[in-house]
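Please read the structure below before turning to the comments.
Worth saying up front: this structure is predicted, and the values here are computed from it rather than measured. Remember, it's 1-based here, ligands and their atoms both numbered in the order they're listed.
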Amino acid sequence: MTRATLIRVRGQVQGVGFRPFVWQLARKYGVAGEVLNDPEGVLIRATGDALPDFIEAISAQAPPLSRVDAVECADHVFDVTPASFEIVASEGRGAETRITPDAASCADCIDDIWGADPRRAGYAFTNCTHCGPRFTIIDALPYDRSRTSMARFEMCRDCAVEYGDPADRRFHAQPVACALCGPQLWLEGPAGREAQNVVEVAARLLAKGAILAVKGLGGFHLCCDAQNAEAVQKLRRRKHRPTKPLAIMDRLEGIARYADLTPADAARLQDPAAPIVLLRKKAGMLPDTLAPDLDVLGVMLPYTPLHHLLLRHVRGPLVMTSGNLSGEPQVIANNEAREKLSDIVDGFVMHDRDILRRLDDSVERETPQGPMILRRARGRVPETLPLPEGFESAPQTVAFGAHLKSAICLIKNGQALLSHHLGDLDDALTWEEFLKADRDYAELFDHQAEVFAADMHEGYRSAQHARARAGTAPYVEVQHHHAHLAACLAENNWPLDGGAVAGIILDGLGLGTDGSVWGGEVLLGDYRSFERYAHLAPVPLVGGDAAQREPWRSAVMRLDRVERGAAADHLFADLPLAMIRQAARAGVNAPLSSSAGRLFDAFAATLGIAPDRQSFEGEAAMLLEALARRAPAEESAYPYMFATNQAGGALDDSDLWADWAKDIEDGLAPEAMARRFHAGVAASFALQARRLIQQGRAKAVVLSGGCFQNALLLEETLSRLKDVPVLTHRRVPANDGGLALGQAVIAAALFPTNR
Ligand code: ZN
Ligand code: ZN
Ligand code: FE
């Protein structure tokens, strides 16, 4: 018998090379015993003199893609003294059920593709335990090669040796491959099919202004030379995408030429998730048509060997935008790409490794207040979030999110899994994706839902689906902005019984409990319940979808409400004002709305910077933020706020418009007015929330809702809440992409144990 230690490692420790890492550490420290996977993570039984150093090294030197949440030790006794250290078979049902997100190529693998070994030199599918495809190639669990789209590629002898050697960087790397045995590239271009020098030929086409479809990790991209304004215009024309910003891909060295790069930005770009990061652009360096009139540009680093190879040959930024038809999900299959993208592209860079899961690029942003997630997808899912104290015995719950930026959320074992961004459920193919994701995530994570949740808006297809799925099981209809509040609480680990908070929820649209459309609210509540403490004075939202697409409609209604209709007549003389005014009076397709998103639209329209008809959601608000950033910061000392003397209720915005009128009369620059507007909105809502704190009714302030993806609004709001605790989003989107998390925790709070 030998006295030993049982070491339990929790966190993201499976499928990231953790066992071989432990094996190598054990050799280094002369430790004997074994390591294995089990349902709780990684388990080590070990003995040796250097055990304390060994244990310390486990978290200090953990592999790049792992995340160690805890290392717990207990006594153990070996019946037979082990002579060596071994990796042994998994124990327990449900072991190896964790999947890590896809990861950008690691530095070692990039060295391999620039190296001399012909198996990997220039090989576009090089990967190892520390990088490469994961979630996008998995068909089913447990995660091993036979259940991935690598199954059809039989490893050559050399790859098999690497795969089987714990000392090798490719030990148990399921997608391991080399030029002799793995997936192959080819090009389908104007000159037919070419399998030789694919990257060189593709680069030459791009240099000549061609648009190519390039198969990536989670889908096809449309690619062209980002410095070639003509090619960019051609892409926009063919894709019917007039103004929506296009993401670009470049090497880190190149980016600083045309964008401001803070250390935080650089770190985020280099994260293994390799998201698109919004960077402040330097004027005049790249065609403005990449992101017309905006002050930011979406940039990502190359994240597959193919991207690295392409960029080395092109030597400049490439547009890399989702390969899809307008409004549809991204294309993933070769045939689908040929069918749908032929009219857009001049050629295809294809390969024969199938994409099994469609994943858009994630979109993120660094702000002085921390990171911001705008779209959560490739590289971030299927990461889980631990739930706060009080949710330990929460039932298995599923929530179905919103309608336009849909995502679903599962709760199981005290963890929440928020799915990837799915998109607009009005699109038939996205709807299919949504249904597929529901089945798929449940199957993959062995999830048997006991409690169901969705938005209380019965018109949402997600809600209709939820009701049908729930049958007779507990089903919770959640108010949209309460869900935003709860998502922010859960993300910030606010305990179930942590007390009430004041939620400033500035958002687009969500159905309220009174049947009107909310969106500019101060809610007072917790996970279980809430009251509507204050809200923006409502105006009619005329014309359903048109009201969202056409900012001038909101402007007219706002100005009419404060008896400034004459100003609207003047500003929007060539638009059908009489029609919408009549609809508003008659109450035809004109529900009242307190939406803050529409207030931003309205203000942008009155400054003349909003298109009559937006070509993508949030366009006017993004232009307004960009405009405001051009103003000197002194303008943020806004001389007025709306509804200063009100405590709760409908907040009157007549002062705002009175000062707007005065600013116009004084000839104040639109930049300054935009800046003052941001500051005024921030100050007005902060004031209401602060009152709830002062009265002892709220313990903290929560900031959520889609408007808080406006970094200037966030900054202005935080600057007015410096002396009170404030919770904001960092890992979950503030917009409807995070809604399902809020719905799920609310449902779990209402049905703490469904037994
Ligand atoms: Zn690697
Ligand atoms: Zn091989
Ligand atoms: Fe929302």
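- Using a cutoff of 4.0 Å between basic side-chain nitrogens and carboxylate oxygens, Arg357 and Asp102 are not scored as salt-bridged.
- At a threshold of 2.8 Å, the Zn ion (ligand 1) has no backbone or side-chain N, O or S atom of His130 nearer than that distance.
- No more than 12 heavy-atom neighbours from other residues, nucleotides or ligands sit within 6.0 angstrom of CD on Glu154.
- Nearest N, O or S atom of Asp736 to the Fe ion (ligand 3): atom OD1.
- Taking the charged nitrogens against the carboxylate oxygens, Glu491 and Arg376 have no contact shorter than 4.0 Å, which rules out a salt bridge.
- For Gln184 (side chain) and Asp352 (main-chain N/O), no donor-acceptor pair under 3.5 Å exists by modelled atom type.
- Between Cys178 atom SG and Cys159 atom SG, the angle centred on the Zn ion (ligand 2) amounts to 110° (nearest 10°).
- With the Fe ion (ligand 3) at the apex, His484 NE2 and His480 NE2 define an angle of roughly 100° (rounded to 10 degrees).
- Using a 4.0 Å cut-off between a side-chain N of Lys or Arg and a carboxylate O of Asp or Glu, Asp601 and Arg598 qualify as a salt bridge.
- A salt bridge does not link Arg170 to Asp158: none of the charged nitrogens lies less than 4.0 Å from a carboxylate oxygen.
- Taking backbone and side-chain atoms together, His481 has no N/O/S atom less than 2.8 Å away from the Fe ion (ligand 3).
- If you look at Asp507 and ask which of its N, O or S atoms sits nearest the Fe ion (ligand 3), the answer is OD2.
- Seen from the Zn ion (ligand 1), atom SG on Cys109 and atom SG on Cys106 lie at an angle near 110° (rounded to 10 degrees).
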